[in-house]
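Notes follow the structure.
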Number of protein chains: 2
Amino acid sequence: MKIALDAKNMPARWYNITPDLDFDVPPMMSSSGYPLSYHDLEPLAPSAIIDQELEMEKRDIPIPREIQALYSEWRPTPLYRAERLENSLETPAHIFYKYEGYSPSGSHEMNTAVVQAYYAAQEENVKRIVTATGNGEWGASLAIACNYFGIQCQVYMVRSSYEEKSYGRYVMEILGAEVIPSPSQKTRTGQKILAQNPDSPGSLSIALSEAFEEAITRDDVKFSWGTVMNHVILHQTVTGLEAQSQMHQAGANPDLIICAVGGGSGLGGLAFPFYQERGRGMRIIAVETAAAPSLSKGRYAYDYGDTEGLFPLLKMYTLGHSFVPPGIRAGGMRYHGISPLVSALYREKQIEAQSYTQHKAFEAAITFARTEGLIPSPEASYAVAAVIDEALACKQTKEQKNILFLLDGNSNLDLAVFKDFVEGAIEDQPFLGESVQAALEKLPKVAQP
Amino acid sequence: MKIALDAKNMPARWYNITPDLDFDVPPMMSSSGYPLSYHDLEPLAPSAIIDQELEMEKRDIPIPREIQALYSEWRPTPLYRAERLENSLETPAHIFYKYEGYSPSGSHEMNTAVVQAYYAAQEENVKRIVTATGNGEWGASLAIACNYFGIQCQVYMVRSSYEEKSYGRYVMEILGAEVIPSPSQKTRTGQKILAQNPDSPGSLSIALSEAFEEAITRDDVKFSWGTVMNHVILHQTVTGLEAQSQMHQAGANPDLIICAVGGGSGLGGLAFPFYQERGRGMRIIAVETAAAPSLSKGRYAYDYGDTEGLFPLLKMYTLGHSFVPPGIRAGGMRYHGISPLVSALYREKQIEAQSYTQHKAFEAAITFARTEGLIPSPEASYAVAAVIDEALACKQTKEQKNILFLLDGNSNLDLAVFKDFVEGAIEDQPFLGESVQAALEKLPKVAQP
């Protein structure tokens with residue numbers, strides 16, 4: 001059952017959680033150990049983005065009219081009550097999901113892509129946005145957004161994805177983006193890595209380093225983040241704000257908010273607008289992959305966001321920026337860290353973490369697809385696994401909990417994963433504890449307590 | 001710019017064009033040459049579907065409440081004004097498109113799939129629906145619909161698609177459908193074809209024969225059509241009825257309605273509700289592939305819908321049921337015939353036909369994707385090519401025409417086509433005039449004038 005939001009009730013402001021927190025979130029640091037200011041970030045990002053990233057005071061940030069107009073091309077997105085799933089589980093729980101698959105790229109990443117492209121296009125002299133992508137969902141979202149504003153889009157794509165059967169590359173090329181397999185000869189980072197290993201398959205952390213280097217060395221290029229950062233979560237709160245109105249319409253307060261976490265922007269976007277409701281016992285659950293469980297098994301420390309350490313230092317739960325996660329198929333879940341905001345909330349025990357293997361996740365996705373009719377993204381599949389377990393727990397306890405989760409996108413670019421799952425070609429990947437230990441040894445020494 | 005339709009203005013009735021026609025549409029015939037009655041169709045289809053197929057009197061057919069509820073999970077779908085495309089073409093024309101990609105399967109085929117599954121589930125003893133599919137969009141839509149009503153879905157899939165990189169097979173399997181590569185050993189049709197050619201790659205016409213045979217030989221199985229038939233067009237009029245309200249909201253009367261045609265249900269669904277508006281000079285254009293132009297180069301004759309001639313005879317523009325079209329990549333456009341309703345309107349010069357090569361179509365799709373942000377389905381790409389040409393003609397004549405077209409779905413299952421196009425691996429396919437002549441020689445002799 002769809003709970004539609006009237007277009008006139010679309011949010012006109014994003015929600016910034018920072019002023020509402022009863023603790024301090026440690027700031028970004030330079031690699032030499034001082035807190036970053038506006039000017040340190042200037043070469044990287046448009047000024048409005050930096051302002052949003054550093055905003056500590058204002059709770060409500062107006063959404064520019066131009067962005068409201070673009071959002072309205074696919075928003076408000078539907079909230080669904082998953083009654084067919086509930087019936088098949090015979091649970092008294094009410095399961096709601098916010099569905100972001102009905103966007104141009106099929107992903108919630110459009111919500112921040114259009115904002116970043118808009119602000120970049122506002123800056124004088126900015127001709128191009130550069131970013132890094134795994135299988136291409138983020139890159140495709142940004143490519144669409146760049147076309148809206150007539151600026152170029154350049155994407156460093158993990159070489160193994162570029163060379164595999166991934167359609168993400170072609171989607172980005174169809175959309176006119178320049179797609180560069182990473183590591184490449186275009187950057188010093190890429191050259192260095194290829195000199196050590198000419199056959200390097202690349203990684204998201206390497207691609208991030210290359211994109212970052214490209215941005216800081218050119219005046220007409222800005223870098224774009226797809227997740228992790230405060231401003232990305234800010235833009236994603238449009239999902240939670242809409243969901244709040246829709247849950248209100250449905251007469252249901254969420255008892256549980258469940259979201260898969262890769263970088264954390266999906267969870268922040270959906271759950272933060274409900275933050276004040278924790279008082280009545282609402283729980284927020286971040287669901288990780290058991291193969292890369294940053295919250296559950298990582299260390300809360302300052303770490304780099306990229307392999308080469310070109311990024312600023314972020315205080316986050318991390319498995320170490322040099323950790324190479326096993327080849328699980330939800331690309332968005334393999335990142336070594338988690339957004340500083342989400343990490344700080346976990347540190348304060350204001351959110352919980354659970355982890356699932358990919359088999360459990362894909363089995364849950366199939367149960368969901370066969371009842372609700374939508375094949376979840378591999379990332380959202382982890383959330384679905386946790387939702388089903390919580391709903392079955394309600395069946396035992398006979399509790400009618402309201403469970404809300406994020407279905408962050410469709411499975412367009414990830415159908416190969418489900419093909420492999422159907423064919424039995426997906427192995428569960430163990431948690432590589434020793435590799436994590438080794439990576440944690442290599443955390444930057446500066447700025448640690 | 002989205003023109004949203006308020007949920008309370010969703011159509012409660014489908015539109016049946018037959019009573020409004022000022023000419024007679026030749027009826028379905030048996031292969032022995034008599035017009036088919038309700039009882040002839042009983043083994044094939046649920047009774048409500050047969051009633052709708054044969055309905056000659058009633059213009060407005062109520063949409064059952066259960067179907068209205070399901071439609072409302074993804075409907076009303078948006079109508080967009082393609083202002084970014086208009087600007088890039090510098091045309092005074094206003095281009096509108098009805099977008100059906102935001103459905104569970106990503107295709108307009110959901111509109112009829114849910115109805116056919118609903119009526120089948122209403123019948124006593126019906127346990128299963130059987131159908132045929134090319135790359136899987138129709139099969140996936142039907143699989144989702146069958147799950148909604150708890151009945152089984154069995155799909156004969158063209159063997160070459162089954163064995164290729166098509167994700168359609170896996171999507172259907174994830175959704176719980178039984179997918180059988182056709183020709184198969186499960187039917188007499190399949191056995192016969194495999195005896196002649198054990199390596200037969202299959203065709204949609206063969207798969208249709210197998211599915212049809214399965215339905216007529218089993219009491220608990222009904223057949224399901226994805227296009228061509230009157231009742232499928234009836235269900236698809238939900239798109240045109242919504243578009244009519246939305247164009248009205250936008251204060252724009254369409255001067256041109258443009259739609260790609262494979263079997264014709266997309267065109268019938270969008271254009272028929274506007275049928276009475278031809279009086280003010282509105283034109284309806286069916287866009288075919290130059291490789292299989294049934295309207296432009298076929299013969300108006302009684303022909304079978306399938307290779308083996310198990311189907312009833314339909315009076316339609318046909319290239320001959322034994323014609324094997326060249327391997328163009330818009331699977332939905334390769335069918336040898338066109339819906340009897342669309343054919344009759346073309347015969348009466350009430351609609352026009354144009355044809356495009358696949359290169360022109362994919363080039364147009366890329367122009368569209370880079371401005372509007374949505375990658376059209378390969379089928380809709382043909383419509384986009386015609387739309388762009390008409391909009392450029394308006395630029396010459398300085399006319400502000402309102403052009404309305406159908407974007408029937410997203411490109412999820414067809415990204416391989418665009419990959420091949422980007423890589424330059426798609427050749428234009430010539431019209432095989434001699435093969436068509438040979439196939440037209442083999443039209444059934446009965447029932448021809």
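Chain letters run A, B, ... following the sequence lines, proteins first, then strands; residues in each count from 1.
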Not counting sequence neighbours, which residues clear ring-ring contact (aromatic ring centres under 6.0 Å, His included) with A/F96? List them please.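 Here no residue qualifies.
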Identify which part of [X] has an atom lying under 4.5 Å from any heavy atom of chain A, answering side chain, backbone, both or neither.
X      : answer
B/F418 : both
B/A4   : neither
B/L175 : both
B/E423 : side chain
B/I375 : side chain
B/R75  : backbone
B/M110 : neither

Taking all non-hydrogen atoms of both residues, which atom of B/I174 and which atom of A/A369 are closest, and how far apart?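 Looking at all heavy atoms of both residues, the closest pair is CG2-CB, 4.2 Å.
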Minimum-distance pair of heavy atoms, taken over all atoms of A/G373 and B/P104: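 Where A/G373 meets B/P104 most closely, the heavy atoms are O-CB, 3.7 Å.
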With a cut-off of 6.0 Å (strictly less than), are more than 12 heavy atoms of other residues, nucleotides or ligands near NZ of B/K2?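 Counting neighbours around NZ of B/K2, more than 12 heavy atoms of other residues, nucleotides or ligands fall under 6.0 Å, so yes.
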Based on non-hydrogen pairs under 4.5 Å, which of [options] is most in contact with chain A?
options                     : result
B/C146, B/S72, B/A365, B/A7 : B/S72
B/F421, B/Y80, B/F362       : B/Y80
B/I366, B/D6, B/V171        : B/V171

Spatial distance of atom CG (A/L374) from atom OG (B/S103) [nearest 0.5 Å]: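 Output value for this atom pair is 9.0 Å.
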If you measure from OG on B/S411 to OH on A/Y170, what distance do you get to the nearest 0.5 Å?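 Going from the OG atom of B/S411 to the OH atom of A/Y170 covers 15.0 Å.
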Do B/L413 and A/N412 have side chains that get closer than 4.5 Å, going by heavy atoms?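 The answer is no; the side chains never approach within 4.5 Å.
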Are any of the side-chain heavy atoms of A/N147 and B/T371 separated by less than 4.5 Å?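 Answer no - side chains too far apart.
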Trace of the salt bridge (Lys or Arg N to Asp or Glu O under 4.0 Å) decision for A/R84 with B/E73: CA-CA 12 Å; A/R84 290 186 294 266; B/E73 291 195 15; 2.8 Å; yes
B/K419 side chain vs A/R169 backbone, donor-acceptor pair below 3.5 Å: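 Not confirmed, B/K419 side chain does not pair with A/R169 backbone.
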Aromatic contact, B/Y102 with A/Y99 (centres under 6.0 Å):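 Distance test on ring centres: not under 6.0 Å, no.
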